[in-house]
Amino acid sequence: MILSVQGPHLFLEEENIRRLSFSHGADELQEQVMQPLSITAFQEESAPSQVAPRLENDLPMVRDPEEDLLCIAKTFSYLRESGWYWGSITASEAKQHLQKMPEGTFLVRDSTHPSYLFTLSVKTNRGPTNVRIEYADSKFRLDSNCLSKPRILAFPDVVSLIQHYVMSCTMESKSDAPYPPPSPLPPSQKDSPSAVAAMVAVHLKLIQPYGRKNSAPSLQHLCRLRINKLTKEVDQLPLPKRMGDYLKQYPFQL
């Protein structure tokens with residue numbers, strides 16, 4: 001009688017499954033390496049069990065690159081309409097333009113740093129300075145250190161960011177308080193004290209944009225700015241559709 005003994009193939013398959021399950025969950029272990037595990041978790045790991053399938057909620061979120069392209073394209077469109085976007089000038093050129101201007105004069109230019117798209121150049125009480133504008137997750141914010149970065153406001157475009165801080169500085173100049181809170185915004189858009197303190201620490205004031213000399217604003221654009229200052233409900237104005245569309249192309253006050 002010949003006895004057939006099962007070879008090592010079964011053990012090799014089990015070993016491959018263990019390796020596959022380990023590599024499949026490696027990302028989760030890296031994300032949770034700083035979180036303490038409960039005793040129950042260790043007990044569950046020690047007991048042999050089948051590998052549970054990952055839920056859809058546990059899968060990493062993949063950003064659509066088209067969303068970033070649309071956001072950046074919209075920002076470029078707004079900046080070109082603004083008249084105070086200077087494109088690819090250097091920091092030295094921005095300094096020359098702002099050197100003799102009053103404090104609070106600013107412009108936006110392309111950043112020379114490869115990790116940033118735009119830079120805010122502004123005249124402070126100590127002379128012209130530059131602040132990079134960070135872009136992440138379809139939002140723009142002023143660059144800051146890692147500790148205060150989560151508390152700095154983020155905006156869907158650069159012009160909205162600049163307008164917010166201009167309004168904040170305008171309210172500050174009209175008040176006797178040293179650093180009043182910014183203008184009222186929706187709850188998700190309110191500044192934390194740390195964000196205002198970050199502006200105060202470098203004495204950064206945004207008051208007046210510095211427009212390009214070869215692109216003076218048209219009379220239509222000046223009228224659009226005035227209308228935007230008086231109302232935010234453009235759709236309710238008794239205007240022709242073409243004029244309403246023109247107002248919506250640049251819904252800002254500066």
Side-chain angles (χ1 to χ4, degrees), residues 56-89 94 106-122 130-144 146 149-168 182-192 195 206 209-212 215 217-218 220-225 227-229 231-237 239-254:
E56 293 184 359
N57 295 336
D58 297 334
L59 296 177
M61 295 183 61
V62 179
R63 289 188 54 79
D64 185 2
E66 185 176 356
E67 182 180 352
D68 290 325
L69 292 176
L70 292 175
C71 180
I72 295 172
K74 182 178 69 174
T75 289
F76 271 113
S77 176
Y78 287 159
L79 285 173
R80 285 192 292 266
E81 289 282 338
S82 70
W84 36 268
Y85 168 60
W86 286 69
S88 58
I89 64 172
F106 64 88
L107 59 87
V108 173
R109 59 183 177 85
D110 294 338
S111 178
T112 56
H113 194 285
S115 299
Y116 297 84
L117 291 173
F118 305 103
T119 294
L120 170 66
S121 298
V122 56
N130 301 284
V131 181
R132 293 170 181 152
I133 300 176
E134 181 187 87
Y135 175 78
D137 299 331
S138 300
K139 297 290 184 180
F140 294 89
R141 61 165 58 88
L142 296 179
D143 189 29
S144 61
C146 296
K149 186 172 296 186
R151 298 185 294 271
I152 299 297
L153 271 183
F155 298 85
D157 56 81
V158 173
V159 181
S160 295
L161 182 152
I162 300 298
Q163 178 173 276
H164 170 80
Y165 289 110
V166 169
M167 294 301 194
S168 300
S183 57
L185 291 171
S188 59
Q189 292 284 314
K190 288 186 178 180
D191 258 324
S192 65
L206 303 182
Y210 186 67
R212 296 179 64 98
S215 61
S218 64
Q220 288 180 333
H221 182 68
L222 293 176
C223 293
R224 177 167 56 182
L225 296 180
I227 293 174
N228 291 338
K229 289 181 180 179
T231 180
K232 295 181 180 179
E233 304 296 335
V234 177
D235 293 330
Q236 299 182 6
L237 296 177
L239 298 175
K241 183 179 183 303
R242 184 177 178 182
M243 187 176 297
D245 293 339
Y246 177 75
L247 294 176
K248 294 178 183 178
Q249 289 178 3
Y250 191 81
F252 306 102
Q253 302 179 21
L254 53 88

J.: Can you tell me how far the CZ atom of Arg224 sits from the OG atom of Ser218, to the nearest 0.5 Å?
T.: 7.0 Å
J.: How long is the gap from CG on Leu69 to CD on Glu67, to the nearest 0.5 Å?
T.: 10.0 Å
J.: Quick check: do Leu79 and Val159 have side-chain heavy atoms less than 4.5 Å from each other?
T.: yes
J.: Do Asp157 and Phe252 pass the side chain to side chain contact (heavy atoms under 4.5 Å, CB included) test, and can you show the C-alpha distance, the side-chain angles, and the key distance before you say yes or no?
T.: CA-CA 11 Å; Asp157 56 81; Phe252 306 102; 3.5 Å; yes
J.: For the residue pair Asn130 and Ser121, what are the closest heavy atoms and their distance?
T.: OD1-OG, 2.6 Å
J.: Strictly distance-based, threshold 3.5 Å: is any side-chain N or O of Ser77 a donor or acceptor partner for the main-chain N or O of Ala73?
T.: no
J.: Could you tell me which non-hydrogen atom of Leu107 sits nearest to which non-hydrogen atom of Leu120, and how far apart they are?
T.: O-CD1, 3.6 Å
J.: Out of curiosity, Lys139 NZ to Leu161 CG, how far, rounded to the nearest 0.5 Å?
T.: 11.5 Å
J.: Verify whether the ring centers belonging to Phe155 and Phe140 lie closer than 6.0 Å.
T.: no
J.: Could you state the interatomic distance from CD1 (Ile227) to CG (Leu247), rounded to the nearest 0.5 Å?
T.: 5.0 Å
J.: Determine whether Tyr116 and Ile133 make a side-chain contact, defined as any pair of heavy atoms from C-beta on separated by less than 4.5 Å.
T.: no
J.: What closest approach, in Å, do His221 and Ser82 show between heavy atoms, and which atom pair accounts for it?
T.: NE2-O, 4.0 Å
J.: Please report the closest heavy-atom contact between Gln253 and Met167, naming both atoms and the distance.
T.: OE1-CE, 2.6 Å
J.: Would you say that Tyr135 contacts Thr75 through its side chain, given a criterion of any heavy-atom pair below 4.5 Å between the two side chains?
T.: no
J.: Nearest 0.5 Å, what's the NE2-CZ distance between His113 and Arg132?
T.: 4.5 Å
J.: What is the minimum heavy-atom distance between Gly211 and Trp86, and which atoms define it?
T.: O-CZ2, 3.3 Å
J.: Show your working on side chain to side chain contact (heavy atoms under 4.5 Å, CB included) between Tyr78 and Tyr85 and close with a plain yes or no.
T.: CA-CA 9 Å; Tyr78 287 159; Tyr85 168 60; over 6 Å; no
J.: For the residue pair Asn228 and Tyr250, confirm or rule out a side-chain donor-acceptor distance under 3.5 Å.
T.: no
J.: Working to the nearest 0.5 angstrom, can you tell me the gap between Ser168 OG and Gln163 CD?
T.: 10.5 Å
J.: So, for Ala154 and Arg141, which heavy atoms are closest and what is the spacing to 0.1 Å?
T.: CB-NH2, 3.5 Å
